[in-house]
Every structure is written in structure tokens, then in C-alpha cells.
Amino acid sequence: MRVVVGADHGGLDLKIVLVDELEKSGVSVINVGTDSTESCDYPDFAAKGADTILSGDADLGLLICGTGIGMSIAVNRYDGIRAALAGNEFMARMARRHNDANVLVLGGRVIGFELAKEILKAFLEETFEGGRHQRRIDKIKKSTS
Ligand code: RB5
């Protein structure tokens, strides 16, 4: 599995921890930055993450900012991206099973490292259930086309 990972300065510490976790579990990581503590703009990293998925170079994405809110708003503007901001394991599981989310968004300043690891693991373990959930996603697609 290939996962694109991006963060702004507010998500950098958590990104470092989760990249290490992903690599340890054999996931191929595409790191699009930031790798600096300097203040930067989360939409730039949302764009890099979205482009990497939409071009087919990654299967899923992980994006992190301070709260996760800005990154969610920014990346969900890209057609074909379904990003879920998850604060617990259940939300991450449902995001994959029911919403076919292809990006997990986390708030680096609002959750601890261990919880974030569990949320990420849950997101990667699950698959989309299809069926009635596909119908609902089709309705979302229709509403934006
Ligand atoms: C950066 O200070 C902060 O605004 C950003 O990381 C994020 O939380 C925005 O939603």
C-alpha cells in the first residue's frame, strides 16, 4: 500500500511519529512535507496530497495540521478526494467502511501520539462496504458535478 503523508508546521511532530509507524509496518510512504518547523500554509500540503492520490501515485492519504480542520476543508475541495477528520478509532473505521474516505485527516495539536497511531491503524485496516454506501457517495458526486 502507498500512502501520501503531508502536514503543516502544526502537524509536523505527529507526522514524524506516524511516518515512522507506517514504515515499520511495511507501508510505502510518499512524504510531501513539510519537514520544517517554520510556519507554512496547510492548503499547499493539501494540494500536494490530493495531487498524489489523483494522479494514481498513492492509494490513500494522511494529512495533518494543528486541528485537522483547515486541512479537511482544503483537501475536500478536490474532486475525487473524500477526506475524513477522525478523533477516534470508530470514526476512522466508519470513514473507510461507509464513506470510502481516501484521506485521513488528524489534528496534531488535539490528539496524543498513541491515539493517533490507533486511528491510523484502524483507517488502513478497513475497506469500503459498497452497496447502499456507494449510492450515497454517488449522490455526493452528483451534487458537485
Ligand atoms: C496553524 O497555526 C493552524 O492554523 C493550522 O495548523 C490548522 O490548525 C488550521 O486549521
Side-chain angles (χ1 to χ4, degrees), residues 1-129 133 136-145:
M1 182 186 296
R2 302 158 308 162
V3 177
V4 58
V5 182
D8 72 354
H9 56 289
L12 176 62
D13 290 347
L14 181 57
K15 179 170 80 75
I16 292 168
V17 169
L18 294 182
V19 164
D20 182 53
E21 194 71 4
L22 287 169
E23 286 175 341
K24 274 192 209 149
S25 61
V27 169
S28 168
V29 173
I30 302 157
N31 176 16
V32 293
T34 185
D35 296 305
S36 156
T37 54
E38 260 176 57
S39 181
C40 59
D41 299 337
Y42 59 82
D44 297 339
F45 299 93
K48 287 174 199 261
D51 288 346
T52 307
I53 292 171
L54 297 172
S55 66
D57 291 333
D59 305 301
L60 294 172
L62 168 65
L63 293 172
I64 311 166
C65 64
T67 58
I69 295 170
M71 205 61 102
S72 302
I73 293 170
V75 78
N76 271 315
R77 293 186 61 88
Y78 291 80
D79 195 12
I81 297 295
R82 289 172 302 282
L85 172 58
N88 59 51
E89 209 184 305
F90 180 73
M91 291 171 78
R93 288 195 189 283
M94 291 306 117
R96 289 289 296 132
R97 284 193 209 163
H98 288 188
N99 309 112
D100 198 19
N102 51 8
V103 175
L104 171 67
V105 183
L106 296 173
R109 291 174 176 158
V110 295
I111 52 168
F113 291 162
E114 294 310 312
L115 175 59
K117 286 181 195 175
E118 291 306 314
I119 293 172
L120 176 59
K121 186 169 171 281
F123 187 79
L124 298 182
E125 270 171 9
E126 297 294 340
T127 52
F128 180 48
E129 288 176 4
H133 303 295
R136 292 161 187 167
I137 286 167
D138 290 343
K139 287 187 179 182
I140 296 172
K141 279 187 195 153
K142 239 180 165 178
S143 72
T144 54
S145 61

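Just so it is clear, the values below take in all heavy atoms, side chains as well, and ignore hydrogens, waters and symmetry mates. In each ligand, atom 1 is the first atom listed, and ligand 1 is the first ligand listed.
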Quiz item: Going by distance only, is there an N or O of C65 that falls short of 3.5 Å from an N or O of ligand 1?
Solution: no
Which residue and atom name correspond to the protein heavy atom nearest [atom], and how close is it?
atom                    : value
atom 1 (C) of ligand 1  : H9 NE2, 3.5 Å
atom 9 (C) of ligand 1  : Y42 CE2, 3.5 Å
atom 10 (O) of ligand 1 : G70 N, 2.8 Å
atom 5 (C) of ligand 1  : D8 OD2, 3.2 Å

Salt-bridge criterion met for [X] and [Y] (N-O under 4.0 Å):
X    : Y    : value
D35  : K15  : yes
R93  : E125 : yes
D100 : R96  : yes

Self-check item: ligand 1 atoms in contact with R109 (distance to a heavy atom under 4.0 Å)
Solution: 1 (C), 2 (O)
Practice problem: Can you measure from CD1 (I81) to CG (N76) and round to the nearest 0.5 angstrom? | Solution: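 Answer for the CD1-CG pair, I81 versus N76, is 8.0 Å.
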Exercise. Assess whether side-chain contact (heavy atoms from CB on, under 4.5 Å) is satisfied between V5 and I30, documenting all intermediate values.
Key: CA-CA 6 Å; V5 182; I30 302 157; over 6 Å; no
Practice problem: Select the closest option to atom 8 (O) of ligand 1 among I73, D41, T67, I69, judged by heavy-atom distance. | Solution: T67
